[in-house]
Amino acid sequence: MLEPVNISLESLNLVTLMPMLIAIGGGLLILCIDLFKDNIHKSFYVALTVLILLIDLMVTMGLNFGVEEKGFFQVLLIDGIAVLSQAIILVASMLFIPLALTSKRFHEYSYPEFFALFMFMIAGFQFMVSSDNLILIFIGLETASLSLYTLIAMHNRSNSFEAAVKYFTMGALAAGFFTMGSAILYGVSGSLELNQIATAISDRLNEPGIMILLLGGAGLLLTAFAFKLSLFPFHTWAPDVYEGASAPLAGYMSVVPKVAAFVVSMRIFEMFINLQIEWVQSMIIFLSVITMTLANLMALVQKDVKRMLAYSSISHAGFVMVAIALATDKSNTGVFLYYTLFMFTNLGAFTMLWVSRHKDRVHHERFDHPYEKFSGMIKIMPMGAVIMALFMLSLAGVPPFSIFWGKIYLMSATVDAGYLWLAVVMGLNSAIAAYYYLKLIVYMFLKEPTDAVKEEIVYYNVSKPLMVVLGFAVFVTVFSIFMVNPLIDYISTMLQASSFGI
Amino acid sequence: MYETIAFYTFAISTTILFLITVMSKNVLYAMTALASGMVMISGFFFLLGADFLGVVQLIVYVGAVMALYGFAMMFFDATRDIKEKHQNPALVFLLGGLMALMFVVIFSAPIIGDNVQALYPIVEGVGNAQAVGMVLFTKYLVPFEVAALMLLVAMIAGIILAGKKMDYSLTTSEAADEEINVEEKLQADIEREKGEA
Amino acid sequence: METLVYIALFSPFVGSLFAGLLFGNSPRKMFTGWVASALIFVTFVSSVTLAYHVATVGAIHVQMMDWISAGDLSIPFGFVIDQISVTMMVVVSLVSTIVHIYATGYMDHDKSYNRFFAYLSAFVFAMMILIMSDNFAGLFIGWEGVGVCSWLLVGFWYHKADRPFEENPSISPSWAANEAFIMNRVADLGMLVGIFLIYWNIGSLQYDVVFDAMPHLADGILVSIAIALFIGAMGKSAQFPLHTWLTDAMEGPTPVSALIHAATMVTAGVFLVIRANPLYSLEAVHGVSMFIASLGTFVAFYAATMALIARDIKRIVALSTLSQLGYMFAAAGLGAYWIALFHLAAHAFFKALLFLGAGNVMHAMDDELDIFKMGGLKNAMRGSYIYMGIASFALAGLPIMAGFYSKDAIIETAFNEGTYIIWGMLVITAGMTAFYSFRQVFFSFHGEKRYEALGFHPHDMYKYVLIAMAPLAALAISFGWFMGYYKDFIYGLNETVQYEMSHTTHHWAWLLGSIVIALALTGIFLAWKKYAGEGENAWKRDEKFEASFIYKLLENQYYVPKFYDQFIVQPYTIASAKFWEFDKKTVDGTVDDLGKACLNIGDTSRGMQNGNLSSYLNWMGVGAMIIVIIAVISSVIG
Amino acid sequence: MLEIGVNHYLILSGILFSIGFMGVLRRKNLLMLFFATEVMLNAVNIAFAAIGNYYGDLSGQMFAFFVIAVAASEVAVGLGLLIVLYKKYGSLDLDVISSMKG
Amino acid sequence: MDTILSILIFFPAIAGFVGFGITKGSAKIYGIAVATIELILALLLWMQFDTSNAGMQFTEKVALIADFGISYNVGVDGISLFIVVMAALITLLGIILLRPDTKNMKNMIISLLFLEMTMVGVFLTLDAIIFYLFWELSLVPMLYIVGAWGGKDRVYAAVKFFLYTFAGSLVMLVGLLAMAYLYHQANGVWSFSILDWYTLPLTEDQQFWLFLAFFAGFAIKVPMFPFHTWLPWAHGQAPTIGSVILAAVLLKMGTYGFVRFSLPILPDASVTFIPLIMALSLIMVIYTAMIAFAQKDMKQVIAYSSVSHMGIIMLGVFAMNAEGLGGSVFLMLSHGIVSGALFMLVGVIYERTGTKLMSEFGGLAAVMPIYATVFGLMLMASVGLPLTIGFVGEFLVLLGFYKISAIGTILAGSTIIIGSVYMLALFKKSFFGPVRHEKNLALKDLDKRELTALIPLVLIVVWLGVYPKPILGPIDNSAKHILTQMEAKAINPATKETIILSKKEAE
């Protein structure tokens with residue numbers, strides 16, 4: 001017979017579960033409210049969501065005890081990067097969800113379930129980043145992903161369904177790789193927890209034939225995360241999904257799932273790299289180099305701004321992936337710095353797209369945001385054009401706009417690690433990338449407006465909340481230079497309080 | 001000996017069944033083969049002493065999932081043979097074959113470490129279900145709850161996506177910005193259908 | 001005295017600014033010419049006073065202010081008034097004054113009259129800087145300054161259109177101006193290199209410092225400096241092969257030709273060699289000096305041959321200038337610097353006179369230059385006839401005339417140095433000089449009045465102009481008489497400038513002189529015989545001779561301009577066009593191709609994004625496959 | 001060969017996984033494609049169960065449970081998506097559903 | 001006045017921002033006012049400047065990203081001072097020259113003011129990252145100016161300009177980061193301050209690679225052969241003001257970069273690379289001058305001539321003596337003034353006739369005498385006539401470089417020949433000869449607006465040609481200072497030998 005278990009409540013460390021519980025509770029609350037009262041305006045749900053997320057954020061930030069915290073039988077791991085990435089995820093969510101408050105109605109926002117699913121998705125991501133147990137990571141990932149697929153499909157256009165199905169199917173395949181990879185690691189280590197896996201592997205590192213298992217397992221996991229991070233050649237879903245999804249969701253996807261996936265990649269692959277398994281490092285560098293290059297090249301020939309931004313997000317992900325390969329403190333700091341800064345710029349860029357989103361495809365039979373839509377914008381809407389240009393310049397890495405700082409920090413990390421050639425490749429890629437960002441600026445500033453470009457069409461969706469979000473994004477993008485130092489401070493403090501500290 | 005025979009029997013049958021699943025042109029055959037294959041897989045679980053898992057496999061997979069697929073199949077009216085255009089069948093087989101080869105190579109390696117200690121050992125004389133329950137509700141309580149959340153998500157997703165409300169898109173131009181009330185329209189539809197009936 | 005130096009220097013500048021800034025753009029104002037002339041005259045007076053001062057008291061050295069100082073380099077605006085510079089100052093200011101006055105008459109119908117005086121005075125200013133400067137950089141300022149003024153003045157009638165080379169070898173004034181400027185710049189580069197060499201080896205550009213330090217330098221460096229500076233001199237003084245610009249520069253108004261391309265600027269090269277006499281008299285650079293002498297001799301001869309058959313009145317004078325410059329270089333190269341300088345001065349007087357006379361002819365003939373169309377002008381233009389005659393006598397080196405003393409001294413020097421080939425050539429050239437100068441005189445003033453058939457109504461220049469030319473005529477006659485005084489004067493400068501004939505030469509001097517005179521007289525006689533006849537004896541074109549190879553060779557200036565055109569100008573033009581093509585196609589093309597390649601790769605790789613989920617999955621499968629295979633292989637290998 | 005060890009199970013799991021993988025790559029019909037993903041997940045379950053058995057550890061089985069749960073939820077969401085897609089396109093053939101490209 | 005540099009940098013930007021609120025009609029006068037104030041500030045700086053101090057003055061330092069060693073750090077020395085003054089002057093004159101009927105005048109003025117901030121910022125900053133910031137930022141307004149007001153292929157030209165420079169500077173950025181890393185290795189703290197970097201000893205190998213990285217950024221900006229092809233495009237398509245500022249100030253950023261970064265930080269590599277620099281510069285000097293001769297468009301002639309002159313400047317920078325270095329800085333100024341003026345002049349005729357093709361003109365000297373005079377003067381300054389501004393720098397550069405290579409100097413000196421070839425050809429084709437087109441007879445000479453813009457330049461050309469001392473003195477001081485730093489920092493004895501602090505010592 002089994003011994004009855006006696007567990008003290010304190011040892012569970014319930015507080016570690018609090019952030020996710022708040023998100024889940026929030027989701028359930030929304031569902032319940034929906035049960036009792038129909039036809040509440042979406043603004044109510046948006047406000048509610050933001051408030052819950054705010055509480056969640058505050059609780060999360062309060063979790064920082066300066067050391068690793070484990071809870072619930074060591075399943076939950078609240079360390080620095082968990083808190084940090086949760087904070088980023090929550091902030092991003094809070095910034096993106098107000099984009100629901102358009103002046104025009106869209107299908108997905110007419111469902112209260114949309115907001116519930118959104119909460120559940122956040123909870124999924126939170127679980128994913130705050131655990132080193134492969135099972136919980138997997139479940140969190142799937143919860144979040146399944147919600148995301150649904151959210152995409154809820155935009156309710158044939159493109160959205162197509163996008164959701166593509167994402168879903170490839171996600172299923174990636175899930176297969178993830179599980180298989182985990183199985184191999186489990187086989188090698190007899191455990192599903194990364195810290196124990198690391199110990200076990202380091203014990204067995206010299207056994208003959210073990211390397212093939214390790215590399216095979218790492219390769220399969222890499223495939224799975226490469227899919228999530230949209231690295232070449234697993235990126236193929238990304239442009240279609242970005243195109244099919246609504247702009248806020250696309251922007252959201254370019255940040256939040258990636259941050260979550262980066263955190264997990266950090267935990268998994270840096271474990272390998274720290275175990276001196278250089279193959280993983282070379283493989284990741286190889287992947288990131290071709291990712292950023294090819295994505296950039298493909299972005300060059302896009303006709304649609306949103307699709308271009310999709311490729312650009314792929315390229316940025318490739319850029320940041322380098323940091324994982326380097327596995328230094330600085331590079332890890334760089335990942336978060338980069339994504340924090342990237343978040344604000346992308347928020348702005350996608351909001352601009354969202355603002356200008358028209359239900360009819362006025363300019364192009366397939367695309368919502370073809371370049372022609374923006375031509376001569378400076379003449380009609382100077383402010384809008386300048387703002388959009390700021391975001392483009394920031395994405396291109398022109399100082400002093402936000403992404404530049406992330407970029408130099410990462411490049412500096414690369415240089416520090418001795419990968420000068422890689423830094424040069426990163427630099428040249430930024431130059432290639434500048435071309436397509438510039439293309440939009442060229443359209444906006446240097447071309448004559450076409451007949452179809454009219455203020456009421458381009459500012460179709462605009463509303464006060466959207467403008468506030470936009471203003472916030474502009475502010476942060478422009479004045480990011482004053483934010484960088486506190487951010488670096490905070491991030492490195494956080495990193496020191498995690499398995500990656502020092 | 002008994003185990004060997006059982007293993008090979010199950011192995012061969014699952015392989016063949018799954019091959020049918022992925023090769024067959026007929027959805028019904030494929031699905032039947034899948035269901036049978038899963039039954040066979042539960043056989044492995046029993047062999048490996050994971051009785052509870054085997055049962056779950058039978059109930060969840062063969063019972064629930066397959067039923068779901070069955071309904072779906074009916075919805076899509078997919079009893080006919082399905083024509084699929086394969087652009088490069090050779091590549092697919094090559095990839096599949098190579099993948100299999102790689103797994104053979106990888107798994108030929110001595111995977112089980114002697115020094116590796118089981119963290120949640122299977123206690124002698126304790127039923128599998130009991131042991132599983134013990135672990136599941138202590139160590140894996142959180143994942144378990146999250147799995148519940150995931151199923152909730154799946155449920156909501158299924159309801160929303162398959163719901164009638166999705167037929168009227170507020171997103172696309174057809175319903176542009178006229179302040180149409182989706183509910184009203186739905187109601188009207190239902191009534192019209194009733195009338196037709 | 002310092003004030004006088006500045007007055008001498010700046011009064012032409014004031015004149016230039018007066019004419020240029022105040023009236024440059026306004027309609028013709030006669031007084032601008034007079035003001036400018038008066039200011040040049042002031043310079044002349046100051047120069048003469050300074051000359052007296054130099055002769056009696058000694059050289060003056062003033063420093064106005066710093067110009068460039070960087071690193072260890074320090075270049076002031078400093079001026080030195082010694083025997084050499086003061087000679088030049090007097091000559092330049094005198095000729096300039098006369099030319100200015102002359103120009104008030106000559107240019108009185110030109111609507112850009114004011115502008116002309118602005119340029120002309122500016123030229124004098126630049127020339128003064130060139131002469132008076134106490135360092136090589138200052139010299140270079142003047143050097144370039146006269147170049148620009150020459151450019152402006154040659155191209156004064158810029159509105160004239162280009163004509164084909166066959167029709168007019170100098171194409172157009174603006175073309176000739178550019179040619180002159182560019183060709184001079186070629187030489188200037190040599191000069192700059194010389195300056196750099198001096199600076200890096202001595203550390204200063206001041207004449208006194210430099211010449212003091214020179215004897216201590218290595219031979220190779222000295223030779224390089226000497227060559228480099230001489231290259232500079234070659235350009236300005238139009239020595240072969242940089243001579244073609246001078247004849248083309250005759251496109252400018254005649255006073256310009258008289259002042260710049262006969263009397264002053266073209267002698268700057270000679271001046272430079274004389275100025276640098278401590279360098280060129282060093283034993284180490286003897287070879288260079290000999291080369292200078294030989295080249296000078298060659299040019300003297302070479303130019304004279306071309307002058308023999310030239311038809312253009314100004315070209316003949318220009319070629320004779322070239323030839324005389326050759327004489328001066330021969331003298332300077334042989335070490336007889338003061339003789340060269342003396343000839344320079346003498347030449348300035350009679351050549352300016354000759355040019356101005358030629359200008360009178362042109363003026364009378366409505367700018368007609370072809371001597372074949374003239375003849376028998378002596379009655380219509382008596383004054384000019386006399387002046388031209390005097391000048392030609394002086395040029396031919398007949399006794400009493402200025403040219404006799406100076407040229408003869410040069411020929412004697414060649415004999416004295418034992419360079420008999422040079423001597424021989426110079427003697428022959430002297431004969432040819434007499435022939436061609438009188439050929440021109442006889443052609444224009446004697447013989448049939450061919451102009452009548454062409455409908456010209458020649459009349460002589462304004463009286464005052466002719467009177468103004470008188471000093472030149474007087475000096476053309478008498479300047480040689482002062483040779484002895486001048487020698488004493490210049491011997492005060494330094495050792496190296498002194499040059500004395502040996503006793504033997506002195507002994508043979510009368511014989512040598514007679515040979516030259518005999519040859520000159522022969523030349524004059526031949527010219528008389530052939531060209532001065534009237535009626536029966538009148539000159540007729542000799543078609544056969546004109547078809548001969550020699551004639552063609554000379555007429556085409558030994559095909560040198562053609563050579564330049566064919567082998568420098570055209571290849572340069574073609575190469576430029578080719579380079580441009582290369583730049584656009586290859587250099588820029590590569591960049592564009594890189595860009596296009598990026599786009600193409602983008603476009604091609606976009607193919608993987610075909611929208612079909614199945615192929616996406618395949619890509620993913622392939623990717624996974626590759627990663628796993630690499631994993632397996634690399635783990636097996638290592 | 002006769003003595004069944006963990007490697008046997010694992011190799012079998014690998015082969016089954018490859019079959020599923022091949023199916024995913026091969027299938028054009030979305031419904032059938034989902035079948036193939038089920039095959040893959042099931043194949044992994046064998047591996048987990050086997051490893052768990054040989055270590056005498058329950059974690060493998062746990063993972064297998066959760067994989068089953070995930071598979072089930074995926075089916076739900078996937079079928080939901082298929083339904084809306086089918087309504088829009090009238091087909092489940094991947095060649096038809098490819099409006100977004102480039 | 002301790003914050004005068006910050007005021008100088010940010011005043012135009014703030015004014016540009018405020019300018020959004022100005023009405024269209026008053027935009028130009030607003031621009032003139034702001035640029036005048038900026039110029040007065042710059043002159044004030046000059047007056048306050050201590051000419052005897054060769055080092056940095058008016059320094060300010062505020063930490064921005066302390067953890068990463070990035071701080072806002074500005075200072076001025078004899079080299080940057082005058083470039084800043086020139087930038088302010090050229091901007092003012094450029095704005096004055098703007099046609100009152102320029103479309104979107106307000107946008108133009110705002111762009112120009114932002115551009116002015118970046119230009120001033122580049123030259124005053126002492127922090128590598130902030131330098132990079134201004135460096136990159138300067139591309140943006142320029143892109144807009146070229147792209148929005150330019151000629152037919154303006155978009156292509158603008159994008160090419162942007163991308164080319166951007167690509168190069170990103171490689172440079174890697175170099176900067178590597179430099180910071182090396183500094184961190186040595187001192188344990190992060191710093192991007194150039195002054196700190198001056199003190200950091202580097203091995204020859206490190207210097208070699210860092211030099212190459214810096215080279216990528218600077219050489220494209222200069223632009224050195226074979227990276228120059230963006231320039232004819234940019235100039236050919238840019239509006240007058242764009243060309244003026246591009247030629248006068250933006251190109252100087254490249255050479256300034258070499259002076260400020262490559263030389264003092266990497267002395268040994270600088271010496272090692274002299275042959276390469278020399279080869280490229282000579283190609284620039286001769287090859288582009290020949291291309292200039294082949295041009296049909298006046299503006300292209302001047303554009304290519306800019307490249308050619310920049311070659312001379314490059315030689316001076318690498319002359320490794322005070323004469324050459326000081327001369328090249330002076331030449332930067334003089335080239336800025338002269339090419340700026342020439343572009344303005346071409347702009348004038350382009351405004352009148354709508355064409356820049358030389359074949360369309362001819363005989364302009366008779367029709368527009370003042371214009372021709374100013375043009376002629378600038379032309380002469382451009383070909384380096386003594387007593388004009390162009391001579392001083394060119395002379396000093398060639399003089400200085402003679403110490404490095406006699407042959408190289410002679411080849412480079414051919415610029416005075418071929419430079420006059422294309423310039424005189426240009427002048428002859430457009431200004432001399434008969435008036436080719438009837439309509440050109442009616443062309444008006446320079447009007448008041450144009451004279452206001454050009455006369456200051458004319459005066460400067462003459463003034464600094466005759467009396468360059470007020471500027472040459474401080475430049476010379478700072479050039480010597482840089483050379484002293486280089487000499488002190490050099491680790492290779494051969495380098496020390498090449499660097500000539502004072503000729504007397506060298507002997």
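Just so you know, these numbers come straight off a predicted model, no measurement behind them. Chain letters run A, B, ... following the sequence lines, proteins first and then strands; every chain starts at 1.
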- So which part of Phe48(D) gets closer than 4.5 Å to some heavy atom of chain A, the side chain, the backbone, both or neither? both
- Item | Residue part contacting chain D, namely of Leu192(A), when any heavy atom lies under 4.5 Å | side chain
- Task: Start with the C-alpha gap between Ile97(D) and Phe161(A), add the side-chain angles, then the distance that decides, and say whether side chain to side chain contact (heavy atoms under 4.5 Å, CB included) holds.
- Result: CA-CA 9 Å; Ile97(D) 310 161; Phe161(A) 302 141; over 6 Å; no
Which N or O donor-acceptor pairs, by atom type, sit under 3.5 Å across chain D and chain A?
residue	atom	partner	partner atom	Å
Tyr55(D)	OH	Gly187(A)	O	2.5
Asp57(D)	OD2	Tyr186(A)	OH	2.7
Gly60(D)	N	Tyr186(A)	OH	2.9
Tyr89(D)	OH	Glu162(A)	OE1	3.0
Ser99(D)	N	Glu162(A)	OE1	3.2
Ser99(D)	N	Glu162(A)	OE2	3.1
Ser99(D)	OG	Asn159(A)	OD1	3.2
Ser99(D)	OG	Glu162(A)	OE1	2.6
Met100(D)	N	Glu162(A)	OE2	3.3
Lys101(D)	O	Arg307(A)	NH2	3.4
Lys101(D)	O	Arg366(A)	NH1	2.9
Lys101(D)	O	Arg366(A)	NH2	2.7
Gly102(D)	O	Arg307(A)	NE	2.9
Gly102(D)	O	Arg307(A)	NH2	2.4
Gly102(D)	O	Tyr311(A)	OH	3.1

- Task: Go through the atoms of Leu30(D) and report whether side chain, backbone, both or neither lie under 4.5 Å from a heavy atom of chain A.
- Result: side chain
- Query: Side-chain contact, heavy-atom cut-off 4.5 Å: Met100(D) with Val241(A)?
  - Reply: no
- Query: Are the side chains of Leu134(A) and Phe66(D) in touch, meaning some heavy atoms are under 4.5 Å apart?
  - Reply: no
- Among the options Leu81(D), Val24(D), Val44(D), pick out the one with the most heavy-atom pairs lying under 4.5 Å from chain A. Val44(D)
- Checking Val84(D) against chain A: side chain, backbone, both or neither under 4.5 Å from a heavy atom? both
- Query: What part of Phe177(A) gets closer than 4.5 Å to chain D, counting heavy atoms only: side chain, backbone, both or neither?
  - Reply: both
- Note on the structure: Per-residue tally against chain A (heavy atom, under 4.5 Å) across Ala47(D), Gly20(D), Gly52(D) peaks at Gly52(D)
- Message: To the nearest 0.5 Å, what is the distance between CG on Leu173(A) and CZ on Phe21(D)?
- Response: 6.5 Å
- Give me the ring orientation class for Phe178(A) and Phe63(D): parallel if the planes are under 30° apart, tilted from 30 to 60°, perpendicular past 60°. tilted
- Pairwise salt bridge (charged side-chain N to carboxylate O under 4.0 Å, His left out) hits with a residue in residues 58-70 of chain D, at least two apart: none
